Amino acid sequence: MPSILAADFGRLAEGCARAEAAGADQIHVDVMDGVFVPNISFGPDVVKMSVAAVQIPQNVHLMVTQPQNHIKAFAEAGSDTIQIHIESKCDVRETLAAIRALGKRPAITLNPETPVESIFECLENRWVDEVLVMSVHPGFGGQKYLSYVEGKVAVIRRMADWVDIAIDGGIDNTTVERAAACGVNLFVAGSYLFKQDDMKPAVSDLRKTAQDNYCKAV
Ligand code: DX5
Ligand code: ZN
């Protein structure tokens, strides 16, 4: 899932099309409100733009303090998966249920320092279809992968073989192997993919390494 946070903001539609042509499975859209994280990025209109640019699904990461106020707009914009943070100020159960009621895939995400136990309730009750494990502190692309989150991934994978586990931050051709070994099956990659002259072989290599190493360390 290429993150368009790393694309050229003057040519975002081209960035989405480039990711799709490279063989990406989904587009990852990073939404930041300047409060939950120090940065400000995209709103629902950027999801609309991406929907118009590509056929692949929109994986929308809400780094916002009050996601419950925004899910309708992001659903209507054409999001397929909507990820809310466990650390945000909302009723998590209600907000995930509202995402599902809008016909979208609900996902929960957790910051590097947040204990994995905080999302057990979401898994036990199957409020989510996907968990997004942050492997950097959210807010900016191009940060270093924090390997200490891998333990949380393995715990989630042992608990729930049915859930999609995504990882976000610092994914490249070396870190993808470790993350896959712990049970990750969806990978967000921003700066690594968009800095390539040709994104296609990079996407194929990431996918192959992920498949070859999936769950080896679980
Ligand atoms: C960070 C974002 C990430 C970011 C990843 O707050 O959630 O999706 O775009 O960028 P890279 O792959 O460059 O670490
Ligand atoms: Zn993200």
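Just so you know, these numbers come straight off a predicted model, no measurement behind them. In listed order, ligands and their atoms are each counted from 1.
At under 3.5 Å, not a single nitrogen or oxygen of Leu5, backbone or side chain, sits near a nitrogen or oxygen of ligand 1.
Applying the 4.0 Å criterion to heavy atoms of Pro138 picks out, from ligand 1, the atoms 6 (O). Listed by number with element, the atoms of ligand 1 under 4.0 Å from a non-hydrogen atom of His28 are 8 (O). Taking every non-hydrogen atom of Met32 and a distance limit under 4.0 Å, the qualifying atoms of ligand 1 come out as 6 (O). For ligand 1, the atoms sitting less than 4.0 Å from at least one non-hydrogen atom of His61 are 7 (O), numbered in the order shown with element in parentheses. Set against the non-hydrogen atoms of Met63, the atoms of ligand 1 under 4.0 Å away are 6 (O), 7 (O). Those atoms of ligand 1 with a heavy atom of Ala189 less than 4.0 angstrom away are 12 (O). For ligand 1, the atoms lying closer than 4.0 Å to a non-hydrogen atom of Gly169 are 14 (O). Distances below 4.0 Å separate heavy atoms of Val188 from the following atoms of ligand 1: 8 (O).
Between Met134 and ligand 1 there is a heavy-atom distance shorter than 4.0 Å.
Between the side chains of Gln68 and Asp91, not a single donor N or O lies within less than 3.5 Å of an accepting N or O. Residues Asp205 and Asn173 have side chains that never bring a donor and an acceptor to within less than 3.5 angstrom of each other. Between the side chains of Glu113 and Tyr148, no donor N or O sits under 3.5 Å from an acceptor N or O. Checked by atom type, the side-chain pair Asn213/Arg178 shows no donor-acceptor distance below 3.5 Å. Residues Asp30 and Ser41 have side chains that never bring a donor and an acceptor to within less than 3.5 angstrom of each other. Donor-acceptor pairing under 3.5 Å is recorded for the side chains of His28 and Asp168. Using modelled atom types, one finds no donor on one side chain facing an acceptor on the other under 3.5 Å when comparing Gln58 with Thr81.
Test Val64, Leu102, Val31, Ile99 against Phe74 for side-chain contact (heavy atoms from CB on, under 4.5 Å) and you get one pass: Val31.
Atom 1 (C) of ligand 1 has its closest protein heavy atom at Phe140 O, 3.5 Å. Shortest contact from atom 6 (O) of ligand 1 to any protein heavy atom: Gly139 N, 2.7 Å. In this structure, the protein non-hydrogen atom closest to atom 12 (O) of ligand 1 is Gly190 N, 2.8 Å. In terms of protein heavy-atom proximity, atom 3 (C) of ligand 1 is closest to Asp168 OD1, 2.9 Å. Of the protein's non-hydrogen atoms, Ser3 OG, 2.8 Å is the one closest to atom 9 (O) of ligand 1. Remark: minimum distance from atom 10 (O) of ligand 1 to any protein heavy atom is reached at Gly141 CA, 3.6 Å. Of the protein's non-hydrogen atoms, the one nearest atom 13 (O) of ligand 1 is Ser191 OG, 2.5 Å. At the shortest separation from atom 14 (O) of ligand 1 among protein heavy atoms lies Gly170 N, 2.8 Å.
What you find for Glu87 and Thr109 is that their closest heavy atoms are OE1-O, 3.9 Å. The minimum heavy-atom distance linking Val92 with Cys122 is given by the pair CG1-SG, 4.0 Å. Residues Ala13 and Ala53 share a closest heavy-atom pair of O-CB, 3.8 Å. Pairing each heavy atom of Cys16 with each of Met49, the nearest pair is SG-CE, 4.0 Å.
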- prompt: Between Glu20 and Arg18, does a side-chain contact (heavy atoms from CB on, under 4.5 Å) hold up when you go through it step by step?
  reply: CA-CA 5 Å; Glu20 182 177 55; Arg18 193 180 155 212; over 6 Å; no
message: Between Asp212 and Thr209, does the side chain to side chain donor-acceptor pair (under 3.5 Å) criterion hold? Intermediate values first, please.
response: CA-CA 5 Å; Asp212 289 350; Thr209 307; over 6 Å; no
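Under the 6.0 Å cut-off for aromatic ring centres, Tyr145 and Tyr192 do not qualify, their centroids lying 6.0 Å or more apart.
Around the Zn ion (ligand 2), the protein contributes the following N, O or S atoms under 2.8 Å, ordered by chain and number: His28 NE2, Asp30 OD1, His61 ND1, Asp168 OD2.
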